[in-house]
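For reference, the structure discussed in these notes is given below.
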Amino acid sequence: MSKNISRRSFLGAAAAAGASAIAAPAFAASSNSSAPAKWDDEVDVVVLGCGGAGMMAACQAHDAGGKVAVYDAGKSPFHTATNLCGGLFTAWGSKLQNADPEGKKDSWQQFAEDIMAYGNYMSLKEPVYCFAKNSGKAFDFLADNGLAKHHLEPYAGHSRLRAHRQDSFKGRDYIEVLVKLLDQRGIKINHGMGVTRFYFDPETNTVLGVQVGEGDKAKNVKANKGVIMATGGITGTPESLDSWVPNVAGKGVAIGGPKNDGTAMRIAVRDVGVPLSHMQYIASYPGGIVINGRNGPYCRWWFITNNGGILVNKNGQRFITEKEGICHVTPHLAFQPEGCHYVLTDQAGWDRTLSKIKLGALIGLPSWPAERVNSEFAKGENLWKCDTLEELSKKSGVNLEGLKKQLDQWNKAVETKNDTQFGRTDQQWKLSQGPWYMIKMEPWNNLSCGGVRVNEDLQVLGWDLKPVNHFYAAGETVAGVHGAFYCGGNACGFAHTSGYVAGRNVMGKKA
């Protein structure tokens, strides 16, 4: 009896906290969520969400012999976080990695260590280990089923060559593969049918099924093997992001799948009593170009700095090494004038950059073709091309004397190979000849790192941190993969890997 009282106490507090976290929709307390009066449908596996994690889970559960139903609150798999990502999938043990002499030096243990180290050791080991061990198999499943052309590339934060990049720099490639695979399997995605209730039996600690849709579209679906929650995170709208993570309120770009507002997680708290963890952590790239309120693409400035450019603040001064892990740069912006920074290069550096990456990938998500980039340079609000530093300073507002002083310091560091500011020794090119190119950047908030807790089999943990029967989670809904900082490629990689594992495990087929 004390166990039931403890659970009721937890549920009451959790539901109240969840309902106050965001203004809408409001949730009433659930008097009885164990079973509906009748089931409208019965399947083996219910998958909630149709991004990379959800569709991968549906494929694997189907291939393991399950009857699968997919429900999604949104309108299309092309409106999900996977479709918005840059096509980087970190994985250990793939065929591509094993074929590369450098890639062979990797191990799942080193992969896990890199994830946790980059995240300031705030990760939870269970999802990290699941990801590291199974990522290569998940990538190979996609590659073997027609994934578009891709390659390996080194990436900041990864000590080994494991970053699998789509040549297109677009996560859409993954979505296209999975949409095709669902079609081949006859699995329909039921759009506009988000979860509104989990049916949970506290006596057996089992999720029995779900209610999806609202009003006359509401439907009760029994899941005999289990429910997989792959409903995304909290960055889908500025309102949901700001309410869950107040320290970013009103700042930078907010981008994600439009239904990534945390609603499904709050319903799981209310009905099942699952605790949420790591909700204060988000992935925030320091490359957002803010347009139209809180919208805008991001600039992959590291391609510019790897070809001779530098990062400066409003005072015209470098404030960090350009070799810092990308998401590690973002917290430093809070201490810079106006909370922004700029990437600066000259004509030679710009030309070197574009010899390595297309404009649509340099400034992407959404991609800006050459015509749009040129029009933005002409507009002169966030991008500037100027013949002289004096003109650049006047148009951008960046301090002229600071810029001149900084360029003198940088050019001396190139000559001496001694960066007295931040210790770099790899600088090769002076910045001395215009035209000058500068891009203003702010945080680009695109990924939440919090959610429900899971064990290594991706079973959701309940209020007592024990697995809830027939309840699994995958993708951005899972807490603690990235810790305090997100390292590039791990979100796309984890989404598909966790879907791969959860889809097999729910059917009793170990990954």
Donor-acceptor contact below 3.5 Å, side chain Q60 vs main chain G499: no
Please answer whether the main-chain N or O of G86 pairs with a side-chain N or O of R165 as donor and acceptor at a distance below 3.5 Å. yes
How are the rings of F169 and H151 set relative to one another: parallel (under 30°), tilted (30 to 60°) or perpendicular (over 60°)? tilted
Could you note down all residue pairs passing side-chain hydrogen bond (donor to acceptor under 3.5 Å, both in side chains) where residues 362-371 supplies at least one of them, sequence neighbours left out? none
Which atom names give the shortest non-hydrogen contact between S396 and L392, and what distance separates them? OG-O, 2.7 Å
Residues forming a side-chain contact (heavy atoms from CB on, under 4.5 Å) with P366, sequence neighbours excluded: P297
So, the side chain of S240 versus the backbone of T235: is there a donor-acceptor pair under 3.5 Å, distance only? no
Assess, by modelled atom type and distance only, whether the side chains of Q110 and S159 contain a donor and an acceptor separated by less than 3.5 Å. yes
Ignoring hydrogens and angles, tell me if any N or O in the side chain of E113 forms a donor-acceptor pair with the backbone of Q109 under 3.5 Å. no
Is there a side-chain contact (heavy atoms from CB on, under 4.5 Å) between Y281 and N120? Walk through the geometry before answering. CA-CA 12 Å; Y281 298 124; N120 281 4; over 6 Å; no
Evaluate the side-chain proximity of K440 to V398: yes if any heavy-atom separation is below 4.5 Å, no if none is. no
Side chains of N490 and T90: do they bring a donor and an acceptor to under 3.5 Å? yes
Heavy-atom donor-acceptor pair, E442 side chain to V253 backbone, under 3.5 Å: no
Answer whether the closest heavy-atom distance between the side chains of K323 and D426 falls below 4.5 Å. yes
Among T237, N445, D242, exactly one meets side-chain hydrogen bond (donor to acceptor under 3.5 Å, both in side chains) together with R294. Which residue is that? D242
Do H482 and Y118 have ring centroids that are under 6.0 Å from one another? no
Report yes if some heavy atom in the side chain of L142 is under 4.5 Å from a heavy atom in the side chain of M56; otherwise report no. yes
Does any part of the side chain of W436, heavy atoms only, come nearer than 4.5 Å to the side chain of L431, both counted from C-beta? yes
Would you indicate whether the side-chain heavy atoms of H191 and C50 approach each other to under 4.5 Å? yes
Run the ring-centre check on H150 versus F139 and record whether the distance is less than 6.0 Å. yes
With ring pair (Phe, Tyr, Trp, His ring centres under 6.0 Å) as the test, pick out the partner of W350 among F303, F377, W429. F377
Residues E456 and K125 bridged, charged N to O under 4.0 Å: no
Sidechain-backbone polar pair: T477 side chain, G451 backbone, donor-acceptor under 3.5 Å: no
Taking the six-membered ring for Trp and the full ring for Phe, Tyr or His, determine whether the centres of W92 and F111 are under 6.0 Å apart. no
Is it the case that R172 places NZ or CZ above or below the six-membered ring of F78, under 6.0 angstrom from the centre and within 45 degrees of the axis? yes
Just verifying a value: how many Å separate H79 NE2 and K259 NZ, rounded to the nearest 0.5 Å? 11.5 Å
Interatomic spacing from CG in L362 to CD1 in I357 - rounded to 0.5 Å: 5.5 Å
Residue pair Y174 / M55, side-chain heavy-atom distance below 4.5 Å: no
Closest heavy-atom pair and its distance - H328, I320: O-CD1, 4.5 Å
Could you check if a side-chain atom of Q409 sits within less than 4.5 angstrom of a side-chain atom of K405, using non-hydrogen atoms only? yes
Hey, what do you get for CZ (F335) to CG (N313), rounding to the nearest 0.5 Å? 13.5 Å
Ionic contact status for K379 with E376, cut-off 4.0 Å: yes
Below 4.5 Å, heavy atoms only, C-beta onward: do K314 and Y342 meet side chain to side chain? yes
Under 3.5 Å, side chain of S135 to main-chain N/O of F131, donor-acceptor pair present? yes
